[in-house]
Amino acid sequence: MSLVAAASGLIGVFALTRRMTLAADAISHIALPGIGIALLLKIDPVIGAAVMLVAGAFVVWALEKKTKISTEAVIGILFTASLAIGSIIIPVEEDLLDALFGEAAIFNSLELALGIPLAIIIIFLVLKYKDKFTLSFISPDIARTSGLSVSKLDLLYLLLFVGTIVLGLKFLGALLMGSLIIVPAAVSRNIARSFSSDLLISLLVAVFSAFVGFVVAAHYGIATGPAIIMVAAGLFFVSVFFSE
Amino acid sequence: MDKPAILTVEKLRVSFDHNVILSDLSFTVSRGGTVAIIGPNGAGKTALFRSLIGSIPHKGSVTWAPGVRIGYVPQKLGIDRNLSVTLRDFLSFKRSILHLPELVIPEVLRYVHLGEDKLNVPLGGLSGGDLQRALVALALIGNPDVLLFDEPTAGVDLPGEERIYHTLHELQDRYGITLIFISHDLNLVYRYADTVICLNRSLVCFGSPEETLNEDVLDKLYGSKIHHHLHQHE
């Protein structure tokens with residue numbers, strides 16, 4: 001879980017730089033129809049979610065490439081439609097709640113075998129491409145004249161982003177996983193005075209929130225996902241006082 | 001023009017949806033030249049720049065001389081004020097992407113007369129003039145052969161603008177960089193450009209400022225009589 005939180009903390013810093021805070025939150029909703037279909041087919045819901053999210057990343061990428069003003073609106077409609085479809089096709093109410101908010105479960109051995117390497121790969125790639133991502137998100141034109149392929153970087157980032165959502169889906173659900181990406185980065189944005197400290201603080205806030213949320217949830221028998229996000233949100237309100 | 005061409009543009013056409021931004025634009029830029037692009041708002045100046053760097057789709061051809069390195073200075077940066085990226089981070093991004101040593105950072109800062117004390121300031125905390133210098137410094141990393149400079153419309157005062165053009169001119173004298181700049185200030189155009197491209201969705205004039213910028217051309221560009229007085233700079 002710490003690895004998942006670390007990946008979330010790192011990936012979130014770039015989501016804020018890319019100004020995709022709302023889209024970032026919304027994109028996780030596209031997991032829902034995938035979870036629904038997987039439950040109907042009686043396969044692991046995470047697989048269904050992963051397929052839908054990767055497809056969603058390509059859709060967002062293709063839409064953004066067109067640079068139409070209405071992209072945000074289209075993304076909003078696409079993802080609320082996903083939410084609606086997901087809630088209709090997920091048959092059991094309890095499953096729907098788990099899909100939305102996560103469940104207090106532990107990773108099985110297959111999930112660990114796939115999840116740990118995936119988290120490490122995401123963290124490695126984010127750190128490897130951090131300079132390229134940031135320059136291309138700040139100014140695609142400057143990035144282009146610096147020899148970068150902005151479009152490929154965008155796609156890579158979106159795939160890493162949905163990869164991170166897949167990792168946290170089981171504990172936080174489709175509604176809350178986007179928050180574990182955005183909230184720690186927003187906390188860090190209030191405090192950090194340089195890019196490297198931004199990455200470090202966001203990572204630490206995400207890991208701390210996950211750890212404390214986990215312990216609190218276990219101790220008081222409440223849902224893990226909401227507990228984690230409550231901790232992160234609490235840190236955000238504290239960080240507001242440190243913001244310049 | 002005896003010098004070899006660094007850029008050849010032929011029948012360039014840019015359109016968004018059904019709105020034609022630029023049409024039938026052809027011109028050549030010589031290596032080491034200083035070219036000013038002028039025209040009213042909405043004339044397609046920034047669209048021209050963005051098609052020169054391959055940022056927006058276009059028809060016709062844009063041909064740079066082989067191996068040309070371009071430094072691009074945008075009009076503004078779309079960043080949030082509280083972005084954590086400092087000037088040092090910003091310059092380091094490009095430095096590390098191009099695998100250049102640390103010492104290029106103080107070097108480019110010296111070129112643009114920006115103090116190293118600004119390195120730890122977040123981009124959002126820089127003044128308009130300093131941010132523009134930072135953008136020029138970034139563009140200079142990697143020793144570009146050509147600098148595309150889009151004039152900022154806000155945040156830079158007139159003396160600040162004068163200083164930056166003076167700096168660019170110095171760089172050009174010293175390193176022979178080709179400079180293509182967009183400007184609204186005809187005095188700067190007269191003072192620094194050897195060639196002017198007048199744009200109003202298509203080419204209105206092309207040539208030396210002294211020969212081409214007559215009242216008729218300015219009238220055609222800006223729609224009203226502009227009497228330009230050169231005497232203060234002569």
Side-chain angles (χ1 to χ4, degrees), chain A residues 10 12-21 65-70 127-151 153-154 184-203 205 239-240 242-244, chain B residues 16-17 46-47 49-57 64 68-100 119-125 131 134-142 144-148 150:
Chain A
L10 290 175
V13 171
F14 302 93
L16 289 198
T17 310
R18 205 170 176 268
R19 295 176 157 192
M20 55 175 281
T21 321
K65 265 182 92 163
K66 284 190 172 283
T67 64
K68 294 275 168 65
I69 303 162
S70 57
L127 293 177
K128 182 175 158 63
Y129 284 95
K130 63 182 173 35
D131 294 346
K132 294 179 179 174
F133 281 149
T134 312
L135 188 60
S136 75
F137 297 161
I138 290 178
S139 171
D141 289 341
I142 293 176
R144 226 169 254 123
T145 52
S146 306
L148 299 181
S149 170
V150 173
S151 172
L153 283 168
D154 262 336
V187 174
S188 177
R189 183 59 66 93
N190 280 338
I191 305 168
R193 296 287 170 261
S194 74
F195 180 58
S196 47
S197 65
D198 200 356
L199 289 173
L200 185 66
I201 294 170
S202 183
L203 182 149
V205 168
S239 75
V240 171
F242 292 94
S243 137
E244 271 184 4
Chain B
F16 294 126
D17 295 328
T46 297
F49 262 20
R50 299 195 69 216
S51 51
L52 294 183
I53 61 170
S55 261
I56 50 172
W64 291 98
V68 162
R69 292 180 302 264
I70 302 170
Y72 176 63
V73 185
Q75 202 172 60
K76 58 184 177 192
L77 280 184
I79 54 166
D80 292 330
R81 264 199 76 79
N82 65 349
L83 183 74
S84 64
V85 171
T86 62
L87 175 59
R88 185 194 304 281
D89 294 327
F90 189 49
L91 298 175
S92 299
F93 293 149
K94 189 172 174 188
R95 181 196 65 71
S96 82
I97 288 164
L98 299 180
H99 307 290
L100 295 170
L119 278 172
N120 292 327
V121 178
L123 290 183
L131 181 62
L135 289 170
V136 175
L138 186 82
L140 289 173
I141 291 176
D145 305 292
V146 56
L147 209 57
L148 299 180
D150 198 345

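Letters A, B, ... are given to chains in the order of the sequence lines, protein chains preceding strands, and every chain is numbered from 1.
Note that CG of A:D141 and CG of B:L52 are 11.5 Å apart. Values are rounded to the nearest 0.5 Å. For the atom pair CG of B:N120 and OG of A:S194, the computed distance is 8.0 Å after rounding to the nearest 0.5 Å. Taken from CZ in B:F93 to CG in A:L135, the straight-line distance is 7.5 Å, to the nearest 0.5 Å.
When B:I56, B:L77, B:V85, B:D80 are compared by the number of non-hydrogen pairs under 4.5 Å with chain A, B:D80 comes out ahead.
Looking at B:I53, the atoms closer than 4.5 Å to chain A (heavy atoms on both sides) sit in the backbone and in the side chain alike. When heavy atoms are compared at a cutoff of 4.5 Å, A:I191 does not approach chain B at all. Only the side chain of A:R144 comes within contact range of chain B, with at least one heavy atom under 4.5 Å from a heavy atom of that chain. Neither the backbone nor the side chain of B:I141 comes within contact range of chain A; no heavy atom of the residue lies under 4.5 Å from a heavy atom of that chain. Proximity to chain A (any heavy atom under 4.5 Å) is shown, for B:R88, by neither the backbone nor the side chain. The part of B:D89 that comes within reach of chain A is its side chain, from C-beta onward, which places non-hydrogen atoms under 4.5 angstrom from that chain.
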Please walk me through it: do B:I97 and A:K132 pass side-chain contact (heavy atoms from CB on, under 4.5 Å)?
CA-CA 7 Å; B:I97 288 164; A:K132 294 179 179 174; 3.8 Å; yes

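Shortest non-hydrogen contact noted between B:S96 and A:D131 is OG-OD2, 2.5 Å. What you find for B:T86 and A:R193 is that their closest heavy atoms are CG2-O, 3.2 Å.
Proximity of B:L135 to A:I142: side-chain heavy atoms (C-beta onward) are separated by under 4.5 Å at one or more points.
Paired with B:L83 under the rule side-chain contact (heavy atoms from CB on, under 4.5 Å), one option of A:D198, A:T134, A:I138 passes, and it is A:I138.
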